[in-house]
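We're numbering straight along the sequence, starting at 1.
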Amino acid sequence: MTESGVILQGSSRSDGNTSRIVEHLNQRLAFDVIDLAKKNIGHFDYEFRNRGDDFLPTMMLIVENYRTIVFATPVYWYSMSGIMKAFFDRITDLLRTEREVGRKLRGMNMAMISCGSDSNLPERFELPFAESAGYLGMNYLGDVHTWFENDQIPVEVIAELDRFADEMV
Ligand SMILES: Cc1cc2nc3c(=O)[nH]c(=O)nc-3n(C[C@H](O)[C@H](O)[C@H](O)COP(=O)(O)O)c2cc1C
C-alpha cells in the first residue's frame, strides 16, 4: 500500500461542478481520480447477480494502491448522489462475499467533499460517511462543503479547500 490517495468522484456529469472542485483540490493533493459515472456499478443485489461489474475491480485497485479515499459527491436532494449511494451500498458485497478485500479497508483513511448550489449543507450530511468509516474500521479525516457563486469557486471555499488539503497529508 502506498501513502497516496484517491478521489472517488460521484457526480452524474464528469465535467461538472464537483469535477471542478476536485481539479482545484488536486492542484494541492495530486491524488488519482476515479470517475464513478464512467464505471458500470449496479445496485446492491442480495443474490450478487452483478458481481461481474466494475465494483470489485475498482475496490481491489483502491485497497491495493491507496491509503486515503476521498469521496467527492454533489448534493442531490439533500443527500449524496445516487451514483455515490449505489457505490456505498455495494460495500456490503465486501462484508458478505469478498471479505478479504473488505478487511483491507481497515486502517485506511476516509474523507468527503460535498458540492451543492447552497452554501448551507443539510444537517448531518456527513453521517453516512463518518459512520461507515467507523463501521469499516477506517479513520474519518473530515469533510469540506463547497459551492459556486457566479460560476466561480468563492474565496471562502478556496480557504476551506486549503484547510482540507492540509488534513489529507
Ligand atoms: C438532481 C439534483 C438535485 C439537487 N439537489 C440539491 C440540494 O438538495 N441542495 C443543493 O444545495 N443543491 C442541489 N442541487 C444542485 C447541485 O448540488 C449543484 O448544482 C452542484 O454544484 C452540482 O454538481 P455537479 O455539476 O457535479 O452535478 C441539485 C442538483 C441536481 C441535479
Side-chain angles (χ1 to χ4, degrees), residues 4-45 50-51 53-95 98 101-102 105 108-136 138-148 151 153 157 160-161 164-165 167-168:
S4 62
V6 62
I7 300 175
L8 295 194
Q9 186 176 299
S11 173
S12 286
R13 53 180 180 178
S14 297
D15 57 353
N17 292 341
T18 307
S19 92
R20 288 172 65 193
I21 295 292
V22 165
E23 275 170 25
H24 181 89
L25 188 70
N26 251 350
Q27 290 170 11
R28 287 275 308 276
L29 290 181
F31 280 3
D32 290 338
V33 179
I34 295 176
D35 182 358
L36 294 178
K38 294 197 169 140
K39 300 281 181 191
N40 171 32
I41 296 178
H43 287 284
F44 173 73
D45 182 89
N50 48 26
R51 61 171 52 170
D53 70 11
D54 290 339
F55 176 73
L56 190 58
T58 302
M59 239 9 222
M60 285 169 72
L61 178 98
I62 291 168
V63 298
E64 296 299 341
N65 291 286
Y66 303 101
R67 211 171 78 85
T68 300
I69 307 174
V70 180
F71 290 97
T73 180
V75 181
Y76 290 164
W77 289 101
Y78 315 100
S79 311
M80 72 175 84
S81 67
I83 287 176
M84 188 66 85
K85 183 60 165 58
F87 186 87
F88 259 83
D89 286 355
R90 289 296 298 282
I91 294 175
T92 311
D93 290 15
L94 306 184
L95 310 175
E98 309 293 342
V101 181
L105 287 169
M108 288 181 69
N109 302 316
M110 185 196 293
M112 188 270 290
I113 309 168
S114 50
C115 177
S117 56
D118 200 327
S119 59
N120 287 316
L121 190 62
E123 212 174 308
R124 303 302 328 262
F125 183 91
E126 81 296 348
L127 185 139
F129 299 91
E131 293 289 328
S132 301
Y135 189 86
L136 296 165
M138 301 177 73
N139 312 307
Y140 191 68
L141 298 182
D143 39 72
V144 61
H145 180 56
T146 66
W147 65 93
F148 282 75
D151 205 34
I153 307 176
V157 171
E160 281 295 295
L161 284 169
F164 181 80
E167 289 171 9
M168 294 304 110

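- Between the N26 side chain and the F31 main chain, a donor and an acceptor come within less than 3.5 Å of each other.
- Note that OG1 of T73 and CG of D143 are 12.5 Å apart. Values are rounded to the nearest 0.5 Å.
- Here the side chains of L95 and Y135 are in contact, with some heavy-atom distance below 4.5 Å.
- For R67 (side chain) and N109 (main-chain N/O), no donor-acceptor pair under 3.5 Å exists by modelled atom type.
- Looking only at distances, a side-chain donor or acceptor of H145 sits under 3.5 Å from a matching main-chain atom of D118.
- Side-chain contact between I62 and L8 is present, with at least one heavy-atom pair separated by less than 4.5 Å.
- Between V144 and E167 the shortest side-chain heavy-atom distance does not fall below 4.5 Å.
- Using a distance-only test at 3.5 Å, with no hydrogens or angles considered, a donor-acceptor pair links the side chain of Q9 to the main chain of S14.
- R13 and G16 get closest at one heavy-atom pair: NE-CA, 3.4 Å.
- Between atom CD1 of residue I83 and atom CG of residue L36 there is a gap of 7.0 Å, rounded to the nearest 0.5 Å.
- Between F125 and M112, the closest side-chain pair of non-hydrogen atoms falls below 4.5 Å.
- Pairing each heavy atom of D53 with each of G42, the nearest pair is OD2-N, 2.8 Å.
- Once rounded to the nearest 0.5 Å, the distance linking CG of L56 with CZ of R51 reads 9.5 Å.
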What do the steps show when you test S11 against Y76 for side-chain contact (heavy atoms from CB on, under 4.5 Å), and what is the final call? CA-CA 9 Å; S11 173; Y76 290 164; 3.6 Å; yes
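- Here the OG1-CG distance, from T146 to N17, works out to 8.0 Å after rounding to the nearest 0.5 Å.
- Side chain of N50 to main chain of H43: a donor-acceptor pair is present (N/O by atom type, distance under 3.5 Å, no hydrogens or angles).
- The heavy-atom pair separating L94 from G102 by the smallest distance is CB-CA, 3.7 Å.
- Considering CD1 of I153 and CZ of R20, their distance stands at 6.5 Å, rounded to 0.5 Å.
- Atom CD1 of residue I7 and atom CD1 of residue I113 lie 5.0 Å apart, to the nearest 0.5 angstrom.
- The closest side-chain heavy-atom distance from F164 to L141 is not below 4.5 Å.
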For side-chain contact (heavy atoms from CB on, under 4.5 Å), just list the numbers for I69 and L105, CA-CA rounded to whole Å, side-chain angles, deciding distance to a tenth of an Å, and then say yes or no. CA-CA 10 Å; I69 307 174; L105 287 169; 4.1 Å; yes
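- In this structure, the side chains of I34 and L61 come closer than 4.5 Å at one or more pairs of heavy atoms.
- Within the 4.5 Å cutoff, the side chain of M80 has heavy atoms near those of the P128 side chain.
- Y140 approaches A133 most closely through the heavy-atom pair CB-CB, 4.0 Å.
- The shortest side-chain heavy-atom distance between L25 and M168 does not fall under the 4.5 Å cut-off.
- The shortest heavy-atom contact between A165 and L29 is O-CD2, 3.8 Å.
- Between F71 and F88, the ring planes are tilted. Angles from 30° to 60° get that label.
- Salt-bridge annotation for K39 and D35: absent, with no side-chain N of the basic residue lying under 4.0 Å from a carboxylate O of the acidic one.
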